[in-house]
Amino acid sequence: MKYVDEFRDPQVVQRMVCEIAATAARLPPRSQPWQLMEVCGGHTHAIFRFGLDRLLPDCVEFVHGPGCPVCVLPESVIDQAVALSQRPDTLLCSYGDAVRVPGTGGSLLDARADGAGVEVVYGPRDALELARRRPASDVVFLAIGFETTAPATALALQTARREGLRNFRVLCHLVLIEPPLRALLSDPELRIDGFLGPGHVSLVTGTRPFDFIPAEYRRPVVISGFEPVDLLQSVWMLLRQLEQDEARVELQYRRAASTAGNRTARAAIDEVFEPAPATEWRGLGALPHSGLRLAPEYRAFDAAELLTCTAPVPAETDPRCGCAKVLSGHMKPPVCPLFGRECTPASPRGPLMVSSEGACAAWYQYRQETADARR
Amino acid sequence: MPADKRLTLAHGSGGEPMQRLLQEQILPLFDNAALAGLEDQARLSLALGPGERLAFTSDSFVVTPLRFPGGNIGSLAATGTLNDLVVGGARPRYLSCALIIEEGLPLALLRELLASLAEEARTAGVQVVTGDTKVVPKGAADGLFINTSGIGVIGAGIDPGTHRLHPDVKLIVSGPVGDHGATILACRRELALSGDLTSDCANLWPLVDKMLSEPGLLAMRDVTRGGLNAVLHEFAAAANLSIEIDEAALPVRPAVRGLCELLGLDPLQLACEGRLLAAVEAGAADRLLQQMRGHPLGEQAAIVGTLVPRRTTPVILRGLYGVERSLPPVSGELLPRIC
């Protein structure tokens, strides 16, 4: 399969692993391993699926980042979506991975089982089509994700406005990649030595949101693709920067992403959305200017206006939850006291257990052997 | 009754319209002596030889869409139940066919779907000897639901089952996995993908008939909902053993792989309707594999895994680069109404 098999070739992977080991051996010796954070949940999933972390030398480790939009979705947003789905003549459309996320009173799947209108769609275009076909219903699209998914939602809203489709609405919880990275990096205890940048976000944003990492924190960044060869090559590129004591943003995922990103997509985002003053992140709390809301010309499409209840209070996090420590590279998921006991994918207590792209869920799913042995 | 007619509630009423539907449209498709009597039950003479046993199974079919590349709900309703008999080592003999029809279903479509069911049964040498017809109001069903039950005969000395599993047993899958699930998904999404996706919907008896004569065959399951993943977990749980799977050995068609890569799905979780997983003694594995590959239904059969003493997790997948990971059981419904 073109664009897949050549990036999974075991021989190329083997060569890459050797190069990584050779480069790692030239790094200055130190007591703790070199920690590289993959920012994107897609990377986390690929690392676990292919076991890439097991191919690295002992002195290099992956740390799994905050870039899974489902994981960082606060319970309050799920509660709002559930409330909307329970309105008469309302169809709540969601990406498949968000319907399982538990809110305070259950997930969207639970709501559907109780008779609420919930439909799994592949994207906002499907929801738009449903709105056209069901003029008597309010069709609400639960818009989540980073800059990757924002352009498609923007396009759907532009189309709805052009067509005068008044029954199409968006419950907007789109977030930006830079603010959570800033929040992470501002932690003086942070142990991350380098970052694997998210390839798909960069497709839209270009490399700009990552420039501050080398400029202000002197850590290297490599924007990476999602196949094993991509990720290993990116690790190698990071180690090369560390070896040469450099810190800059490099682009590994050249076949798709570019330094400038996609201007058309960003123009659509800029027309339809504006920065929200503060956005709630599961596990990270409220971060200023970290999300998008509908611009004034598009407020008529805001599904939040259909809600009668006041803004929900953010749920309290269990003080024993280790997610923050996992995110900052201080803890491996199975060491968390809740992991696999009170916190499982079926009933997650912390954000990283929520979707298969979250570090704890991926560990739970693919690493039961290790998890149980608490190695 | 004109061919462009649609089914109405009257066709399920038990009165004259129903009798005409049966006599003119349905019964001719399943012409056999047991059915012709039109009693409330089929009367069968099943003289079993010494050591022979009966196998009896039932399955309901609610697939949407009703037609898909490689089959339709009718052919699926025949092969699905036949395969449940077959993997127990039973030669299928009789089927029942109970219909739940949504008011408004075109008669021509019903005839087409039932003709497929009848054709599958005829090819398998199986008689459809009893049935039922209900029509429910619009919205109370979706087009057509079919329930079929099947009776088969297990030959003397044949006893495939999970009670015979033990460590070192090899697992053979009879062909590429995920074809049916991928086909249904592509149909529903109207995905225009290069490469043809066709359901693997097939009666497995001709293949299993050959396999049963080989020594060393221990257990079989047909791979349906939940895909190969579900069968692996069933085997592991029943035997209280673990299973190690070699990912590189798993047969998956390029078109199915493509769809899975595109949509982020795992081919191991996609349904099949014409594949089985066989557990065989290690020493007999190669011979059985050759036997299977010699049959059109098993051309791409492959040894994919081994039963091992219980590890922490039931199913362990060895990936392309030799790294092991656990294969969790399917949680939740990936695709409702796949069969």
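In the text below, chain A, chain B and the rest are named by the order of the sequence lines, each starting its count at 1.
Among pairs with a residue in residues 173-184 of chain B, those fulfilling salt bridge (Lys or Arg N to Asp or Glu O under 4.0 Å) read B:D179-B:R253, B:D179-B:R275, at least two apart in sequence or across chains.
Interface remark: A:D126 contributes side-chain atoms only to the contact with chain B (heavy atom separation under 4.5 Å). Of the two parts of A:F48, only the backbone, made up of N, CA, C and O, holds a non-hydrogen atom closer than 4.5 Å to a non-hydrogen atom of chain B.
Between A:R255 and A:D230 there is a salt bridge, since at least one side-chain N of the basic residue sits less than 4.0 Å from a carboxylate O of the acidic one.
Contacts of B:E103 classified as salt bridge (Lys or Arg N to Asp or Glu O under 4.0 Å), with partners at least two apart in sequence or in another chain: none.
Counted within 6.0 Å of OH on A:Y122, heavy atoms from surrounding residues, nucleotides or ligands total more than 12; the atom is thus considered enclosed.
Across A:V4, A:D5, A:L52, the residue that shares the most heavy-atom pairs under 4.5 angstrom with chain B is A:D5.
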